Amino acid sequence: MKQIVIDTVRNALENLKEKWGLAATPDVDVEVPKNEAMGDFATTVAMGLTKILKKPPRKIAEEIVEAINASIPLLEKGGEGGFDIFESVTIAGPGFINFKFRRELFYREFEKLLTERHSALRTDLGKGRRVQVEFVSANPTGPLHIGHGRGAAVGNALCNILKAAGFDVEREFYINDAGLQVKHLGRSVYARYQQLLGNNVPFPEDGYKGEYIKSISDEFIKRAGDKYLNKTFEECGAFFTNVAYKKMLADIAQDLRDFGIVFDRWQSEKELYVKPEDKGRKSEVESSIDALADRGYIYEKDGAVWFKSTLFGDDKDRVIVKRDGEYTYFASDIAYHKDKLDRGFDTIIDIWGADHHGYIPRLKSVLEAFGLPREKFRVILIQMVALLRHGEPVQMSKRSGEFVTLREVIDEVGADTTKFIFLTRRADSQLEFDIEVAKEQSAENPVFYVQYAFARISSIFRQAEERGVGSQKSEVRSQDISALKEDEEISIIKRLLQYPMVFEGAALSMEPHRITYYLQELSGVFHSYYNKHRVISDDAELTKARLSLCRAVQIVLEEGLKILGVSAPERM
RNA sequence: GCGCCUGUAGCUCAGUCGGAUAGAGCAACUGCCUUCUAAGCAGUGGGCCAGGGGUUCGAAUCCCUUCAGGCGCGCCA
C-alpha cells in the first residue's frame, strides 16, 4: 500500500519534472501520519522542494495533487480493481500531502492477509543472501549472567527477523577456550579439588570464587576420587582445565536452550591454533596472518609483529604476536573473522557487550583488509544491564563469585518475561532490570498484555466452535469482510496492514524492539475493541466477519511473538 | 586527557530519513464484570525533550559547546 502511494507521487512528479525544469525526479518519502484522522499516508515531498523551486510549499503541493488527480484513472485501468484507490488526497499544514485510501482497498489487502497468512507479512529483503550473526560468545569460565541474556535475546530476535526477511542466517557462538581465562578456571577447580580433599593449597589470585567452582570440583571427586590428590597443577592442570571448561560450556548451552535459544554452530578459538596433521600446513591463525602479510599489512617492530590497522581508520596499529612469541587475543580474532569470510557470508554481524566497543575499529580494519566492504560488517553493541532487586543494585562481580545468573533470573521471572523486557529497549541504551518488579508486576507486565490478547482470541474461537458458528480454519469470504464497518474495525485492519512496514523497518535498522512496540499497540486496539463490541452475536454474517478479524489479529500476533522468541499461549 | 553510548512525564522507556498538537506502561485518582478470559476497558492529571548557541520553511532528532551518568582507551582476555 505504501508502494502505491510512492508510485502515485513519483508518477505525478515525473509529469511535473519538465514543467519545473528539473533534471531528475526527486526522491519520494512516504510516512504514516501520527494522527490517524490526518490520513493513511503522507508525503513531505512538497516541503522538500521549496528551496529548489523557490515557491511556497503549499503551492507546490497543489500542483502535485493536480497531477495526481490527472493520473489516477491510469492507475485504475492498471489493474487496481474496479474502484478508485483514494478516498481523498489533500493538502494540510505547512505542505503535507495526505492520502486516504478507499475502504475497499483495505478490504482487499485484508483478505490477502487472511488467505496468505504469515507469508503476507514478510518481505524478501535478503533474497537468500547469507548472513552470519555471532552473539553471546561468553567465556566458558562461569555461568551466563543477565547481560549475556540480553545479548542472547536481542541476537536471537534479530536472527529471526533476518530469516523472516529472506536471509540465510547462521547463528554462531564463539568459544574463548584458548586464553588465560580458561586456565584460571582450571586452576580454580584444581585448587578447590585439593582443598576439598584436605590438601590446603592456596587459592589462585586470579581464580574464580563462585559456588559453581565447588560443584565442579565435587564432580571431579565423584568421578576420579583422590586420583589427583597431591599432584601438582603442572602434572594434571591440562586435564582439570579441559574438563572444567567443557562442563561450563555444556551448562551455558543448556541455559541458552532453556532460554529458548539454539545456535547453529559453536566455533572454538583453540581450534584456530591447531596445526593440521600433514607437515607444512599451518594453523588458521598463522595462515590468516600470512594472508595479511601478503597484502603488505604486517610489519615487525620492537620484536613484535604488528597489523597496520591505521591504514583503515584505527587510531593505532595493533600487535598480533608479542615480543615473547605468544599471540595476542587479536590474532585469533583475525583468523576467526577471516574464516567467516572464507565461509562465504555476505554480511557479518557481531553482537558484543558495549564494554568491547573499543575493538570495533580494529576488526573493521581486519575485514576491510581482507576485502569486505565496510557496510557488510556490522557490530551491534548491547549496553549494560543494571540488575536490581527492590530498587537496590545487585552486585555483579564474577571474580568474587557474587552474582545472579541468567539461570536464576529465568527460574524466578520466566523466560518469556525476561526476553520481552530485553526487547522493549533499544540495544544501545542501558537498562535497569529489577527482578522484583518483573515478577511482582506480572499481572501488569507488557508481555502478558500481548499474550493475553492472543489467548483471548483463542478463547473466542473455542467458544465459536462450541456454538458451531465458526472456527479458526473457516474459509474467508469477501462478502463477509465488508460487514466490518465499525471505526474500531477499520482501525484494526489498518494497523494489521502496517505490520510489514514495521517489520521491514526492524530488519533494515536491525532493531527488534520495533516489533515489540508494534505488538503492544496492536494488542491495545484489540483489547479496546473486544470491550466495546461482541464478536459472537446472533447476526451470523457479522459474527463470521468479526471472527475473520480476530483470526487476522491472531496471525499477526503469532508472527510477531515468534520473531521475538516469545510464546503465544492459547490459554492464560 | 582522548573516544563511544546515554540524558524525553514522579519511575521505566518509545519517538522512523529533520515534519503536523512529543507518546506508552507503571505509579496516582474516578468509573466498568448475570453476556466471547477484568492478566482487560473507559476517563483525569502529569513535560524548559539536561542547559546554552547554531543550521532552516520546520529541530527531541543534525552541528558546536557546557553539565551529568555509564563504558572503553595494554605486547590483558
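Quick caveat, the model's predicted, so the values are computed rather than measured. In what follows, every chain begins at residue 1, and chains take the letters A, B, ... in the order their sequences are listed. Just so you know, these numbers use all the heavy atoms, side chains as well, and skip hydrogens, waters and symmetry mates.
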Describe the nucleic acid contact of [X] in one word from base, sugar-phosphate, nothing, applying a heavy-atom distance below 4.0 Å.
X        : result
A/Lys316 : sugar-phosphate
A/Glu466 : nothing
A/Asp428 : sugar-phosphate
A/Ile360 : nothing
A/Thr424 : sugar-phosphate
A/Gly505 : nothing
A/Arg426 : sugar-phosphate
A/Gln430 : base
A/Asp302 : base

[N] OP1/OP2 closer than 4.0 Å to side-chain N/O of [X]:
X        : N     : value
A/Tyr518 : B/U16 : no
A/Lys301 : B/C75 : no
A/His513 : B/G15 : yes

Taking the minimum atom-to-atom distance to the side chain of [X], which one of [options] wins?
X        : options             : answer
A/Arg456 : B/G40, B/G15, B/C75 : B/G40
A/Tyr449 : B/G40, B/C75, B/C57 : B/G40
A/Gln383 : B/C75, B/G70, B/A38 : B/G70
A/Asn531 : B/C41, B/C75, B/C36 : B/C41
A/Arg514 : B/U16, B/C75, B/A39 : B/U16
A/Arg467 : B/C13, B/C36, B/C75 : B/C36
A/Ile536 : B/C36, B/A39, B/G40 : B/C36
A/His527 : B/C41, B/C75, B/C36 : B/C41
A/His357 : B/C13, B/C71, B/U35 : B/C71
A/Ser429 : B/A39, B/A14, B/C36 : B/A14

- Query: If you measure only the distance, is there a donor-acceptor pair under 3.5 Å linking the side chains of A/Glu172 and A/Tyr336?
  - Reply: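 Note: A/Glu172 and A/Tyr336 side chains meet the donor-acceptor criterion.
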- Would you tell me whether A/Asp317 and A/Thr310 have side-chain atoms, one donor and one acceptor, within less than 3.5 Å of each other?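 Note: A/Asp317 and A/Thr310 side chains meet the donor-acceptor criterion.
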Sub-3.5 Å pairs of nitrogen or oxygen atoms, protein against nucleotides 20-23 of chain B:
residue, atom, partner, partner atom, Å
B/A20, OP2, A/Lys34, NZ, 2.7
B/A20, N6, A/Asn98, OD1, 2.9
B/A20, N1, A/Asn98, OD1, 3.2
B/A20, N1, A/Asn98, ND2, 3.1

On the 0 to 90° scale, with breaks at 30° and 60°, tag the [X]-[Y] ring pair as parallel, tilted or perpendicular.
X        : Y        : answer
A/Phe422 : A/Phe433 : tilted
A/Tyr530 : A/Phe526 : tilted
A/Tyr327 : A/Tyr273 : tilted
A/Trp306 : A/Tyr299 : parallel

Taking a pair as Watson-Crick or G-U wobble with both distances under 3.5 Å, which nucleotide is matched to [N]?
N     : value
B/C13 : B/G23
B/A38 : none
B/G1  : B/C73
B/C67 : B/G7
B/G18 : none
B/A28 : B/U44
B/A59 : none

What integer number of Å spans the [atom1] atoms of [N] and [M]?
N     : M     : atom1 : result
B/G23 : B/U44 : P     : 14 Å
B/C64 : B/A59 : C1'   : 15 Å
B/A60 : B/C49 : P     : 8 Å
B/G31 : B/C36 : P     : 24 Å
B/A28 : B/G10 : C1'   : 10 Å
B/U65 : B/C2  : P     : 10 Å
B/A14 : B/C62 : P     : 15 Å
B/G7  : B/U66 : C1'   : 14 Å

Once you round it to whole Å, what is the distance between [atom2] of [N] and [atom1] of [X]?
X        : N     : atom1 : atom2 : answer
A/Glu488 : B/C41 : CD    : P     : 14 Å
A/Asp314 : B/C4  : CG    : C1'   : 14 Å
A/Met47  : B/G18 : CE    : P     : 14 Å
A/Leu381 : B/G72 : CG    : P     : 12 Å

- Task: For A/Thr44 and for A/Arg425, locate the closest nucleotide of RNA chain B by heavy-atom distance; then report the residue assigned to the nucleotide nearer the 5' terminus.
- Result: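 The answer here is A/Arg425.
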- Map A/Arg571 and A/Gly48 onto RNA chain B by nearest heavy atom, then report which one ends up closer to the 5' terminus.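 Taking each residue's closest nucleotide, the earlier one in sequence belongs to A/Gly48.
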- Any sub-3.5 Å donor-acceptor pair from A/Tyr212's side-chain atoms to A/Thr141's backbone N or O?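 Yes; judged by distance alone, with no hydrogens or angles, the pair exists.
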- Message: Please check this pair: side chain of A/His527 against backbone of A/Gly524, looking for a donor-acceptor N/O pair closer than 3.5 Å.
- Response: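 Not confirmed, A/His527 side chain does not pair with A/Gly524 backbone.
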State whether [X] and [Y] are salt-bridged, where the test is any N-O pair (Lys NZ or Arg NE/NH1/NH2 against Asp/Glu carboxylate O) under 4.0 Å.
X        : Y        : answer
A/Glu504 : A/Lys2   : no
A/Glu368 : A/Arg374 : yes
A/Lys532 : A/Glu486 : no

- Task: Just label B/C17 as syn or anti from its O4'-C1'-N9-C4 or O4'-C1'-N1-C2 angle, using within 90° of 0 for syn.
- Result: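 The base of B/C17 is oriented syn (glycosidic angle within 90° of 0).
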- Task: Could you tell me whether B/C63 is syn or anti, where syn means a glycosidic angle within 90 degrees of zero?
- Result: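 Anti, since the glycosidic angle lies more than 90° from 0.
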- Would you name the heavy atoms of A/Ser137 and A/Asn176 that are closest together and state the gap between them?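 That closest heavy-atom pairing would be O-OD1, 3.7 Å.
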- What closest approach, in Å, do A/Ala138 and A/Leu144 show between heavy atoms, and which atom pair accounts for it?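 Closest heavy-atom pair between A/Ala138 and A/Leu144: CB-CD2, 3.6 Å.
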- Query: Going by heavy atoms closer than 4.0 Å, what residues in residues 537-547 of chain A are next to RNA chain B?
  - Reply: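 Hits under 4.0 Å, by residue number: none.
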- Message: Going by ring pair (Phe, Tyr, Trp, His ring centres under 6.0 Å), name the residues that satisfy it together with A/Tyr518, two or more places apart in sequence or in a different chain.
- Response: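 Result, ring pair (Phe, Tyr, Trp, His ring centres under 6.0 Å) vs A/Tyr518: A/Tyr499.
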